[in-house]
Novice: 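So that we are looking at the same thing, I have put the structure below in structure tokens.
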Amino acid sequence: MLAHPRTGQLFDSPVEPGTGWPGDPATAQTAVARDAAQVSGLAGRAVSIAELDAQSSVCRACPRLVTWREEVAEVKRRSFADQPYWGRPVPGWGSEQPRLLIVGLAPAANGANRTGRMFTGDRSGDQLYAALHRAGLVNQPTSVDAADGLRAKKIRIVAPVRCAPPGNAPTPAERTTCSPWLDAEWLLVSEHVRVIVALGGFAWQVALRLPGIAGIPKPRFGHGVVAELPSGKRLLGCYHPSQQNMFTGRLTPAMLDDVFGAARKQAGIR
């Protein structure tokens with residue numbers, strides 16, 4: 001067992017549910033999905049974000065992803081060798097009644113797979129949360145671990161794939177198996193959401209397939225592109241704040257500020 005870098009509490013890697021990890025929504029009694037049918041059944045019956053977060057955070061439906069995320073948690077990157085790793089699926093993070101929904105792709109192996117919180121502990125998250133702070137959507141510009149005091153202002157961050165995939169590339173079957181978690185999450189928050197920001201082309205396509213949105217014409221993804229959705233909602237495209245995109249200048253802090261400034265305004269977040 002190793003000590004959590006902020007709380008000092010000892011944990012195994014991967015972290016067992018209900019053992020006190022900051023923000024862990026699950027307990028030892030939380031139902032575990034072990035195949036696609038069980039994912040669909042549990043997600044479809046969830047009546048709250050808290051229940052959905054708990055069940056998605058212990059999912060074991062995709063054997064390749066389970067093996068990979070747990071192997072990474074046990075072997076660890078050298079720079080984090082003294083830390084316990086979450087090593088489980090990463091649930092959505094933020095408000096349960098968001099006006100702005102941010103859609104990514106999947107957790108990073110040594111980022112959210114280590115910390116247990118979306119976009120936390122890697123360079124993509126560094127860029128994202130700094131931009132969200134500049135836009136007045138979170139209370140601090142850094143996101144280091146799940147106990148660092150970060151708070152959201154009417155936003156929620158989700159991923160269509162909840163486990164860190166090898167090579168950052170989930171298979172089509174894994175994406176399909178995981179999709180009921182996001183579909184159910186959307187149904188629980190959609191009445192509040194006014195704007196969706198899609199981080200990258202895959203997130204854009206996922207957003208256009210959400211319940212109640214699927215079936216409308218599918219505009220092509222691009223940074224700054226705006227799509228009108230049913231019920232007066234809007235979808236905004238944004239290049240993913242990956243290290244490569246930021247390093248090459250394909251995406252800049254100013255470009256992130258433009259998107260999230262517009263998203264805040266259009267979502268009516270004060």
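Residues take their numbers from the sequence shown, with the count starting at 1. Basis for what follows: all heavy atoms, side chains included, without hydrogens, waters or symmetry-related copies. Quick caveat, the model's predicted, so the values are computed rather than measured.
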Novice: Could you give me the CA-CA distance, side-chain angles and deciding distance for R234 and E228, then say whether side-chain contact (heavy atoms from CB on, under 4.5 Å) is met?
Specialist: CA-CA 5 Å; R234 287 182 172 178; E228 300 294 335; 3.0 Å; yes
Novice: In terms of hydrophobic clustering (I, L, V, M, F, W, Y; side-chain heavy atoms under 4.5 Å; direct or indirect links), are L188 and I102 co-clustered?
Specialist: yes
Novice: In this structure, which one of L150, L128, V138, N139 forms a side-chain contact (heavy atoms from CB on, under 4.5 Å) with H133?
Specialist: V138
Novice: Kindly give the heavy-atom pair with the smallest separation between Q38 and V32, and that separation in Å.
Specialist: OE1-O, 3.7 Å
Novice: Should the pair W204 and F221 be assigned to parallel (<30°), tilted (30 to 60°) or perpendicular (>60°) ring geometry?
Specialist: perpendicular
Novice: Under the 6.0 Å and 45° cation-pi test, does R114 pair with F80?
Specialist: yes
Novice: With no hydrogens and no angle check, is any side-chain donor or acceptor of R209 less than 3.5 Å from a backbone partner on A214?
Specialist: no
Novice: Which residues pass the ring-ring contact (aromatic ring centres under 6.0 Å, His included) test with Y85, not counting sequence neighbours?
Specialist: none
Novice: Look at the aromatic rings of W21 and F11 and report parallel, tilted or perpendicular, splitting at 30° and 60°.
Specialist: perpendicular
Novice: Do you know which of R162, R64, R69 makes salt bridge (charged side-chain N to carboxylate O under 4.0 Å, His left out) with E174?
Specialist: R64
Novice: Ring of Y129, cation from R134 - is the NZ or CZ under 6.0 Å from the centre and inside 45° of the axis?
Specialist: no
Novice: Would a distance-only check, ignoring hydrogens and angles, find a side-chain to backbone donor-acceptor pair under 3.5 Å from T120 to M118?
Specialist: yes
Novice: Check L235, V103, L182, L187 against L210 for a side-chain contact (heavy atoms from CB on, under 4.5 Å) and give me the one that passes.
Specialist: L182
Novice: Are E185 and R156 ion-paired here, with the side-chain N under 4.0 Å from a carboxylate O?
Specialist: yes
